Amino acid sequence: MEIRDVHAFDLTPAEAIRLQGELRARVRLSGDIGEVSLVAGADASYTKGSDEIHAVVVVLRYPDLAVVERASASAVTAFPYIPGLLTFREGPALIEAFRRLRSEPDVVVFDGQGIAHPRGLGIASHMGVLLDRPTVGVAKNLLVGTAAEPAAGRGSTAPILRDGETIGMAVRTKERVKPVYVSAGHRIALSTAVDLVLATARGYRLPEPTRQAHLYANAVRRGEGQTTLSTSGG
DNA sequence: GCGACAG
DNA sequence: ATCTTGTCGC
């Protein structure tokens with residue numbers, strides 16, 4: 001993907017928090033993503049004891065969800081994991097993976113929060129602004145806010161509330177299985193984000209874009225990353 | 001001051 | 001996130 005600006009990541013936690021305050025003003029919570037033909041999933045895997053990170057982006061064709069491209073980038077993280085500052089740890093490697101991507105996905109699903117974040121700038125929103133592309137946050141756990149338990153059936157939802165405001169939606173993607181927490185990332189409405197998650201979740205708790213990204217990230221970490229129909233790197 | 005805390 | 005086998009439940 002084309003990525004114009006050079007973005008700062010080498011910051012102290014205090015500087016990172018200040019930058020988030022500036023970037024959240026650029027997040028847009030609306031926008032018609034139009035006809036989706038390519039959906040991407042982004043994720044990262046780590047090597048046990050080291051700070052080696054393996055970031056990947058997997059592009060799937062919509063609606064059949066066939067994988068059409070994979071890109072990866074491995075690096076040594078310079079930032080520790082601090083709740084609320086995840087992007088400063090995974091962002092650099094993810095940006096490189098996107099830089100190596102040839103296709104232009106219509107929307108990207110991230111493993112983590114969108115605006116359901118202490119400062120309204122989870123990894124999906126942050127990356128959305130940097131990539132200037134529609135993004136969705138799909139987290140396995142909440143960072144802020146609370147949500148009631150959605151009904152047991154697939155497709156049931158319950159708003160993620162924070163100070164009486166809806167910042168996301170708990171979505172049951174699979175019957176009787178713990179819901180995922182969806183929040184708008186950038187250039188997308190929450191309802192559209194929820195629709196996309198349900199439309200791409202087929203048989204598993206996690207939607208296919210993130211599920212495929214998970215699998216590929218682990219493969220890359222184990223040195224089994226393909227090159228055949230994908231873009232490799234690292 | 002005491003917990004909570006995406007991946 | 002990662003370390004890890006079998007096991008209980010739908």
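For clarity, every value in this text was computed on a predicted model and none was experimentally measured. Throughout, protein chains are lettered first and strands after them, A, B, ... in sequence-line order, and every chain is numbered starting at 1.
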(request) Would you mind reading off the distance between Leu85(A) atom CG and dG7(B) atom P, rounded to a whole angstrom? (result) 15 Å

(message) Using the rule that Ile, Leu, Val, Met, Phe, Trp and Tyr join whenever any side-chain heavy atoms are under 4.5 Å apart, tell me whether Tyr181(A) and Phe110(A) fall into a single cluster.
(response) no

(message) What stems show up for DNA chain C when you take Watson-Crick pairs (N1-N3 plus N6-O4 or O6-N4) and G-U wobbles (N1-O2, O6-N3), both under 3.5 Å, and require three or more consecutive pairs?
(response) none

(message) Looking only at side-chain N and O atoms, does His126(A) offer a donor or acceptor that is under 3.5 Å from a partner on Thr135(A)?
(response) no

(request) Take the protein atom CG of Leu94(A) and the nucleotide atom P of dA6(B), then report the distance between them rounded to whole Å. (result) 18 Å

(message) How close do His214(A) and Asp43(A) get, counting heavy atoms only, and between which atoms?
(response) ND1-OD2, 2.8 Å

(message) Hydrophobic clusters here meaning ILVMFWY residues chained together by side-chain heavy-atom distances under 4.5 Å, can you tell me if Leu142(A) and Met169(A) are in one?
(response) no

(message) Whether the Tyr216(A) and Glu224(A) side chains hold a donor-acceptor pair (N or O, under 3.5 Å, no angle test) is what I'd like checked.
(response) no

(request) Grab the OH-P distance between Tyr181(A) and dA6(B) for me, whole Å please. (result) 12 Å

(request) Taking only the side-chain heavy atoms of Lys48(A) (C-beta and beyond), determine which of dA1(C), dT2(C), dA6(B) contains the nearest atom. (result) dT2(C)

(request) Could you state the atom-to-atom distance from CG of Asp51(A) to P of dG7(B) in whole Å? (result) 18 Å

(message) Taking the minimum atom-to-atom distance to the side chain of Glu90(A), which one of dG7(B), dT2(C), dC5(B) wins?
(response) dG7(B)

(request) Report the distance from atom CG of Asp111(A) to atom P of dA6(B), rounded to the nearest whole Å. (result) 12 Å

(message) What is the distance, to the nearest angstrom, from the CZ atom on Arg162(A) to the P atom on dC5(B)?
(response) 14 Å

(request) Could you pull out the closest heavy-atom pair between Val59(A) and Ser103(A), with the gap in Å? (result) CG2-OG, 3.6 Å

(message) Tell me which one of Leu130(A), Ile115(A), Leu29(A), Val136(A) satisfies side chain to side chain contact (heavy atoms under 4.5 Å, CB included) with Ser125(A).
(response) Ile115(A)

(message) I'd like to check, for Tyr81(A), whether its ring lies over the base of dG7(B) with centroids under 5.5 Å apart and a plane angle smaller than 30°.
(response) yes

(message) Nearest whole Å is fine: how far is dA6(B) P from Met169(A) CE?
(response) 22 Å

(request) Select one nucleotide: of dA6(B), dA1(C), dT2(C), the one nearest the side-chain heavy atoms of His214(A). (result) dA1(C)

(request) Could you check how far CZ of Arg89(A) sits from C1' of dT2(C), rounded to whole Å? (result) 11 Å

